[in-house]
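Side chains included, hydrogens not; waters and symmetry mates left out as well; all remaining heavy atoms used.
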Amino acid sequence: MNPFPFDTFEPKWQAHWEDNKTFHVANPGDANFDASKPKYFVLDMFPYPSGAGLHVGHPEGYTATDILGRYKRMNGHNVLHPMGWDAFGLPAEQYAIKTGQHPRVTTEQNLDNFRRQLKSLGFGYDWSREINTTDPEYMKWTQWIFIQLYHSYFCEEDQKAKPISELEAKGMSREEIDEQRLAFISEAPVNWSPDLGTVLANEEVEEWKAKGHTVERRPLKQWMLRITKYSQRLIDDLAPLDWPESIKLLQTNWIGKSTGAEVSFDLQGNDITVFTTRPDTLFGATYMVLAPEHSLVSEITTAEQKEAVEAYIKACASKSDMERGEMNKDKTGIFTGAYATNPVNGEQIPVWIADYVMMGYGTGAIMAVPAHDERDFEFATKFDLPVIQVVEPNDKSDWQGYTGNGKSVNSGFLDGMKTKDAKRAMIKWLIDNNKGKPQTNFKLRDWLFSRQRYWGEPFPIIWENGQHRTIPESELPLLQPDLEDFKPTGDPRGPLVKATDWIKYSETAERETNTMPQWAGSCWYYLRYCDPNNSDRFISKEAEEYWSADGATVDLYVGGTEHAVLHLLYARFWHKVMFDLGHLSTNEPFKKLVNQGLILGEDGQKMSKSLGNVVSPDDVVNEYGADSLRLYEMFMGPLTQVKPWQMKGVEGVSRFLAKVWRVAMTQSDEGKWVISDKITNDEPTDKALLKVTHETIKKVGEDIEKMSFNTAISQMMICTNAFTKADKVPATLLRDFLKCLNPFAPHITEEIHQHITDAHPSAKCSTGRILSDRGWPSYKEEFLIESEVTVVVQVNGKLRAKLTVAKDISKEDMEATALADENVKQYTDGNTVRKVIVIPGKLVNIVAN
RNA sequence: GCCGGUGUGGCGGAAUUGGUAGACGCGCUCGACUCAAAAUCGAGUUCCUAUGGAGUGUGGGUUCGAUUCCCACCGCCGGUACCA
């Protein structure tokens with residue numbers, strides 16, 4: 001038998017909240033909207049509804065946000081706490097390929113299961129705002145946003161997106177305009193996975209390779225989003241955000257800004273430009289390296305070297321990315337036979353090609369300064385190329401391979417300058433001599449936005465006479481055609497090519513057959529929650545402004561670190577574009593971000609099917625109840641920390657809830673749970689009980705604000721132990737305690753509260769209102785104060801006595817009392833007291849020897 | 001290699017404007033209740049060569065006093081990798 005009947009009252013309260021729309025929040029303009037309340041938007045990263053259902057990692061973040069949401073609600077906020085489904089994705093499509101089952105069917109099934117599981121945990125979501133990225137009404141607006149991107153360009157002067165119509169007004173040609181669109185067609189080499197039958201974004205490559213899929217470089221015509229234009233803003237706007245510094249750093253490094261200069265080298269009439277962050281070392285450039293894919297390679301290669309160079313290029317091309325990565329220690333390369341002229345000293349330097357120079361970054365060519373660059377040094381050592389020192393280290397370290405700052409030497413007009421000054425002087429020289437200019441580069445690449453998949457949003461694009469254009473908004477949403485066979489065709493246009501009727505838009509126009517990546521839907525879902533049923537706009541102006549008050553849309557966003565550079569970067573980018581175009585009032589989507597730590601299996605390993613250490617929330621709910629699961633996940637340790645699951649720990653918090661239950665409830669002779677005689681309607685007089693209750697109100701409130709849930713729970717355990725020990729517990733104290741526990745364990749607290757209120761109705765607390773609708777309790781300072789305190793006495797820093805003294809005892813009295821103590825005397829007798837430190841109300845330390 | 005995080009009992013973890021190290025929970029031990037067990041309640045539980053001493057990864061430093069501040073190092077976890 002269960003120690004308390006959670007199996008009956010948990011479903012009861014879940015039904016009550018649902019029937020009474022307890023957690024429904026109104027929008028501006030709605031009948032029951034209360035504009036006087038401040039808003040609080042607390043968001044979970046919405047799940048992908050996989051076939052496996054929830055695992056115990058999901059409710060960790062969800063419980064944390066639920067506690068905050070319920071707490072803020074009790075403190076008088078309009079709380080927006082929604083849930084939805086990121087339901088496009090490869091597993092549903094792969095299942096469809098295997099079984100012929102339409103992805104929409106499996107997605108619906110999975111989603112029903114997820115919803116059932118989440119409801120069984122009692123989260124206070126406003127289910128009327130549930131969204132689903134695969135819902136045609138949702139897709140419509142994802143496609144609409146793409147159309148906005150398509151019809152926008154990035155104005156360099158104002159550093160913001162503007163409508164394409166401005167360029168048309170300037171009389172720019174169609175070709176020139178297409179070059180500028182934020183959504184554009186590119187025919188660059190992309191990451192193509194033959195076995196997945198699709199291309200992947202740079203950010204996704206590692207993930208899929210880790211799952212055993214092959215990925216190769218292949219030139220394809222693809223849709224791209226011009227996220228690189230936002231590089232600088234994406235870095236700058238991180239600063240004021242309340243995000244973990246590590247995530248900010250991760251994004252900053254991913255965007256990868258570096259400042260330096262472009263330098264032009266003459267090569268028998270050809271101009272080759274290189275990028276360097278160290279223009280001050282130009283005198284030390286003893287050779288040049290081009291990427292094997294560099295366009296000038298074939299032109300400059302001499303007849304004698306032609307064969308060897310072509311063989312090297314072929315060898316590089318056949319190497320997979322993986323092999324290139326593994327071999328990154330061992331440098332390879334080949335001499336082209338050509339020589340370039342170092343612009344600053346006229347030296348003839350050999351031009352090599354090597355795969356340690358990437359075509360995708362900078363200009364695909366470098367000046368090699370082996371004395372002060374590790375890679376160049378390694379290469380020069382291997383191929384016996386000259387190494388000339390041009391920087392003298394500040395310390396005594398070896399100059400060979402020294403990459404730090406110092407003083408320029410062997411560098412003509414730079415000699416004696418500090419690195420910083422030498423950089424500036426060289427850049428000035430390059431400008432004055434028309435040999436280069438200052439340059440900033442970013443590692444971030446434009447976002448490859450098309451996929452060759454069925455289960456994604458089709459592009460709202462048609463092609464006619466080789467040109468693309470968007471379909472009219474009235475034709476949105478554009479749904480995928482029905483297919484019988486979802487198999488990839490190997491055709492880089494994707495599986496939609498099979499739907500010949502669907503493709504045909506008119507006699508002369510055809511639909512785009514690519515679809516959008518899974519990230520598209522998650523880029524803006526938080527906005528849709530604010531106004532989920534709007535059929536005229538993606539979000540209404542009023543809803544947007546209300547839920548974005550205080551300069552941020554989402555007040556608190558909780559999710560895993562795995563999205564540090566993907567979802568969180570993409571969403572910020574879309575948000576900024578929509579802000580630039582005047583559709584949003586904030587510049588950033590997520591004010592505060594918290595990453596919950598991974599929950600490991602009992603064995604300390606990551607939970608996985610193959611290890612058999614996966615814990616299902618359903619099993620825990622069945623055995624211990626939802627409140628126990630919620631409470632345990634919060635009690636395990638700090639939210640942000642990685643921590644192992646322990647079923648014994650669930651038992652522990654379950655015991656705690658049983659204790660709370662038995663404080664209020666007792667079993668009648670017939671086995672029925674009834675309110676205990678211990679609960680009285682008297683005014684509380686027990687000082688100790690008043691103190692612990694008010695301490696609990698104070699600490700739990702403060703700890704929730706700090707998201708320090710484990711310590712809040714430990715305080716509630718202390719309070720419960722005091723209630724258990726007491727002969728009588730006044731109903732008002734128990735009620736205040738239940739309010740504190742309510743955000744953590746909402747079912748049991750509602751149930752007990754209902755029993756107390758029925759048994760002990762009072763003017764202050766009439767029947768009929770549930771706990772969740774009552775306010776957060778307040779504590780009184782007067783109950784926290786004690787007249788006596790325990791003071792620690794140390795001799796030479798070691799604890800020798802504890803004294804109980806009046807709280808307001810004077811320093812002198814405290815010192816005298818301490819010195820007079822028998823235990824203390826044992827250690828001071830025979831020694832001279834040199835010094836006495838007295839911290840009032842806390843400690844006395846006697847220094848004696 | 002680089003960047004970030006972290007290190008406290010048998011275990012999860014508490015405590016930082018420097019002031020009783022180990023809150024709370026798990027586990028374990030003993031006791032009460034019971035024919036017995038479970039559940040529940042009560043007592044105890046950092047370690048040791050134990051009237052004392054040691055102790056928050058290691059070694060130093062600052063201080064009357066350091067888990068907390070400073071310097072050097074080590075282990076583990078995560079990210080990233082020829083980005084010029």
Could you tell me which nucleotide pairs with [N] by Watson-Crick or G-U wobble geometry, both distances under 3.5 Å, or answer none if nothing does?
N: B/U62; value: none
N: B/A54; value: B/U46
N: B/U80; value: B/G1
N: B/A39; value: none
N: B/G7; value: B/C74
N: B/U20; value: none

Would you measure the distance from the [atom1] atom in [N] across to the matching atom in [M] and give it in whole Å?
N: B/U56; M: B/G75; atom1: C1'; result: 16 Å
N: B/G5; M: B/A72; atom1: P; result: 16 Å
N: B/C11; M: B/U62; atom1: C1'; result: 35 Å
N: B/A54; M: B/G42; atom1: C1'; result: 32 Å
N: B/C41; M: B/G25; atom1: P; result: 11 Å
N: B/G65; M: B/C24; atom1: C1'; result: 27 Å
N: B/U20; M: B/U68; atom1: C1'; result: 15 Å

Mutual orientation of the aromatic rings belonging to A/Phe737 and A/Phe656 [parallel < 30°, tilted 30-60°, perpendicular > 60°]: perpendicular
Mutual orientation of the aromatic rings belonging to A/His372 and A/Trp399 [parallel < 30°, tilted 30-60°, perpendicular > 60°]: tilted
When the distance from [atom1] of [X] to [atom2] of [N] is rounded to whole Å, what number comes out?
X: A/Leu282; N: B/A84; atom1: CG; atom2: P; result: 17 Å
X: A/Leu843; N: B/A21; atom1: CG; atom2: C1'; result: 14 Å
X: A/Glu602; N: B/G27; atom1: CD; atom2: P; result: 12 Å
X: A/Tyr356; N: B/C82; atom1: OH; atom2: C1'; result: 9 Å
X: A/Gln794; N: B/A66; atom1: CD; atom2: C1'; result: 12 Å
X: A/Asn595; N: B/C77; atom1: CG; atom2: P; result: 20 Å
X: A/Ile713; N: B/G25; atom1: CD1; atom2: P; result: 12 Å
X: A/Asn845; N: B/G18; atom1: CG; atom2: C1'; result: 13 Å

If you look at every strand shown and take non-hydrogen atoms under 4.0 Å, does [X] touch a base, only sugar-phosphate, or nothing?
X: A/Gly649; value: nothing
X: A/Lys798; value: sugar-phosphate
X: A/Leu799; value: nothing
X: A/Thr561; value: nothing
X: A/Asn796; value: nothing
X: A/Lys443; value: base
X: A/Lys659; value: sugar-phosphate
X: A/Ile837; value: base
X: A/Arg662; value: sugar-phosphate

5′-ward residue of the pair A/Glu651/A/Lys842 relative to RNA chain B: A/Lys842
Comparing A/Ile718 and A/Gly797 on RNA chain B - which has the more 5′ nearest nucleotide: A/Ile718
Over 12 non-hydrogen atoms of neighbours within 6.0 angstrom of NZ in A/Lys382: yes
Would you tell me if any nitrogen or oxygen in the side chain of [X] comes within less than 4.0 Å of OP1 or OP2 on [N]?
X: A/Arg800; N: B/G65; value: no
X: A/Arg655; N: B/A39; value: no
X: A/Lys835; N: B/C64; value: yes
X: A/Lys802; N: B/U20; value: no

A/Asn845 backbone acceptor or donor facing A/Lys835 side chain under 3.5 Å: no
Any donor-acceptor pair under 3.5 Å from A/Gln251 side chain to A/Ala564 backbone: yes
Where the chi angle of B/G12 falls, syn if within 90° of 0 and anti if not: anti
Evaluation steps, side chain to side chain contact (heavy atoms under 4.5 Å, CB included), between A/Ile748 and A/Phe4: CA-CA 9 Å; A/Ile748 192 173; A/Phe4 56 101; 3.7 Å; yes
Donor + acceptor pair across side chains of A/Thr696, A/Gln715 (<3.5 Å): yes
Exercise: do A/Asn595 and A/Thr561 side chains pair donor with acceptor under 3.5 Å: no
Geometric cation-pi criterion, A/Lys331 with A/Tyr356: 6.0 Å, 45°: yes
side-chain hydrogen bond (donor to acceptor under 3.5 Å, both in side chains) assessment of A/Thr336 paired with A/Tyr312: CA-CA 11 Å; A/Thr336 62; A/Tyr312 181 75; over 6 Å; no
Nucleotide of B/C82, B/A84, B/C64 approaching A/Val847 most closely (side-chain heavy atoms): B/C64
Nucleotides 3-13 of chain B: protein proximity per nucleotide (B base, S sugar-phosphate only, - neither; heavy atom, under 4.0 Å): SS------SBS
